[in-house]
Amino acid sequence: SSTTRKFGGTGMGLAICKKLVCLMGGEIGVSSTFGEGSCFWMIIPLPLADHQDAGQLSSTDESISNKETSLAGIHILVAEDNVFNQQVAKGLLEYEGAIVSIAENGKAAIAHLCSEHTDVVLMDIQMPEMDGLEATKLIRESPSIANIPIVAMTANATQSDIEKYQTSGMNGYISKPFDPDLLFRAILDIVSSKEQVFGKGFARS
Ligand code: MN
């Protein structure tokens, strides 16, 4: 639905990709067959994830170890207007076994909740048509969906922001860009307790 689909782009995207990949010490290329499609590829050297570091995030809370962060079978609605963020969240959560649905704004989120079983909502704050705060207030006022846990996903996590999320009826928040381990913990904590988890905070340290 983007304008580049209608009008074509500036032609800079691939040039930028090539520059970035080269700067990262990698390679990029393409093979293309007319009428069939194109395959764009890149190879970049990356360090392996340090699982020692990931463990430190939960070292103060031994109730959840890395092995328990499976979201198998949990129905999660991601209400988020940014397509890139939608894909990142969906990919991470599905990799952990969750069943993920996407809503592109607050209205679509409410419509989804009214028709589909949902265990937890990850709610972006700024969205077109209806933002996350308004959607949360409406959800809390709608008896059939009022008890579904809602976690704010936000880049704004000052004390006054957090109070706003709490007042609107949200159960907790995670700050963007989110750390996957903290995201999984927030979801597991909220789904298992259905309580407020604002006190713990799932902000990136
Ligand atoms: Mn947004």
Side-chain angles (χ1 to χ4, degrees), residues 1-7 9-10 12-13 16-17 20 57 71 74-96 98-142 145-191 196-198 200-205:
S1 60
S2 76
T3 52
T4 51
R5 290 262 173 228
K6 274 187 203 156
F7 306 111
T10 56
M12 292 172 68
I16 293 168
C17 289
L20 286 174
L57 292 166
L71 304 179
I74 297 179
H75 290 77
I76 301 172
L77 175 64
V78 176
E80 163 72 64
D81 61 316
N82 181 290
V83 176
F84 179 75
N85 290 342
Q86 287 173 0
Q87 286 171 355
V88 170
K90 193 172 159 74
L92 284 171
L93 296 169
E94 282 182 345
Y95 187 75
E96 294 295 315
I99 298 136
V100 182
S101 304
I102 304 282
E104 71 278 12
N105 61 50
K107 267 189 196 168
I110 292 173
H112 180 90
L113 295 180
C114 289
S115 64
E116 305 291 331
H117 170 79
T118 304
D119 296 303
V120 61
V121 183
L122 301 182
M123 185 78 84
D124 181 27
I125 300 299
Q126 282 163 357
M127 293 184 284
E129 300 228 27
M130 184 188 288
D131 69 23
L133 292 175
E134 196 186 343
T136 301
K137 281 180 194 154
L138 284 172
I139 290 165
R140 294 297 177 239
E141 288 165 6
S142 313
I145 55 172
N147 295 320
I148 297 172
I150 300 172
V151 182
M153 289 191 297
T154 178
N156 306 316
T158 66
Q159 195 54 42
S160 76
D161 291 317
I162 293 163
E163 275 162 25
K164 260 192 273 168
Y165 308 148
Q166 214 160 358
T167 321
S168 76
M170 287 171 163
N171 300 72
Y173 74 95
I174 46 166
S175 40
K176 289 195 280 194
F178 48 74
D179 181 297
D181 283 333
L182 293 179
L183 174 69
F184 302 152
R185 273 185 59 190
I187 292 167
L188 286 168
D189 272 21
I190 285 170
V191 169
Q196 295 269 339
V197 293
F198 274 101
K200 288 189 179 178
F202 290 96
R204 219 172 228 279
S205 53

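Note that ligands are numbered from 1 as they come in the structure, with each ligand's atoms numbered from 1 the same way.
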Visitor: For I187 and I76, which heavy atoms make the closest approach, and how far apart are they?
Guide: CD1-CD1, 3.9 Å
Visitor: For C17, enumerate each residue passing the side-chain contact (heavy atoms from CB on, under 4.5 Å) test, keeping only those at least two apart in sequence or located in another chain.
Guide: I28
Visitor: Under 3.5 Å, which donor-acceptor pairs do the side chains of residues 120-129 form with other protein atoms, sequence neighbours left out?
Guide:
{"unit_1": "D124", "atom_1": "OD1", "unit_2": "K176", "atom_2": "NZ", "d": "3.0"}

Visitor: Any side-chain to backbone donor/acceptor pair from S160 onto T158? Under 3.5 Å, distance only.
Guide: no
Visitor: For H75 and H117, take the angle between the two ring planes, folded into 0 to 90°, and tell me which bin it lands in: parallel under 30, tilted 30 to 60, perpendicular over 60.
Guide: perpendicular
Visitor: Under 2.8 Å from the Mn ion (ligand 1), which protein N/O/S atoms are there?
Guide: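 Metal shell, protein only: D81 OD1, D124 OD2, Q126 O.
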Visitor: Under the ring-ring contact (aromatic ring centres under 6.0 Å, His included) rule, collect the residues that match up with H112, sequence neighbours excluded.
Guide: none
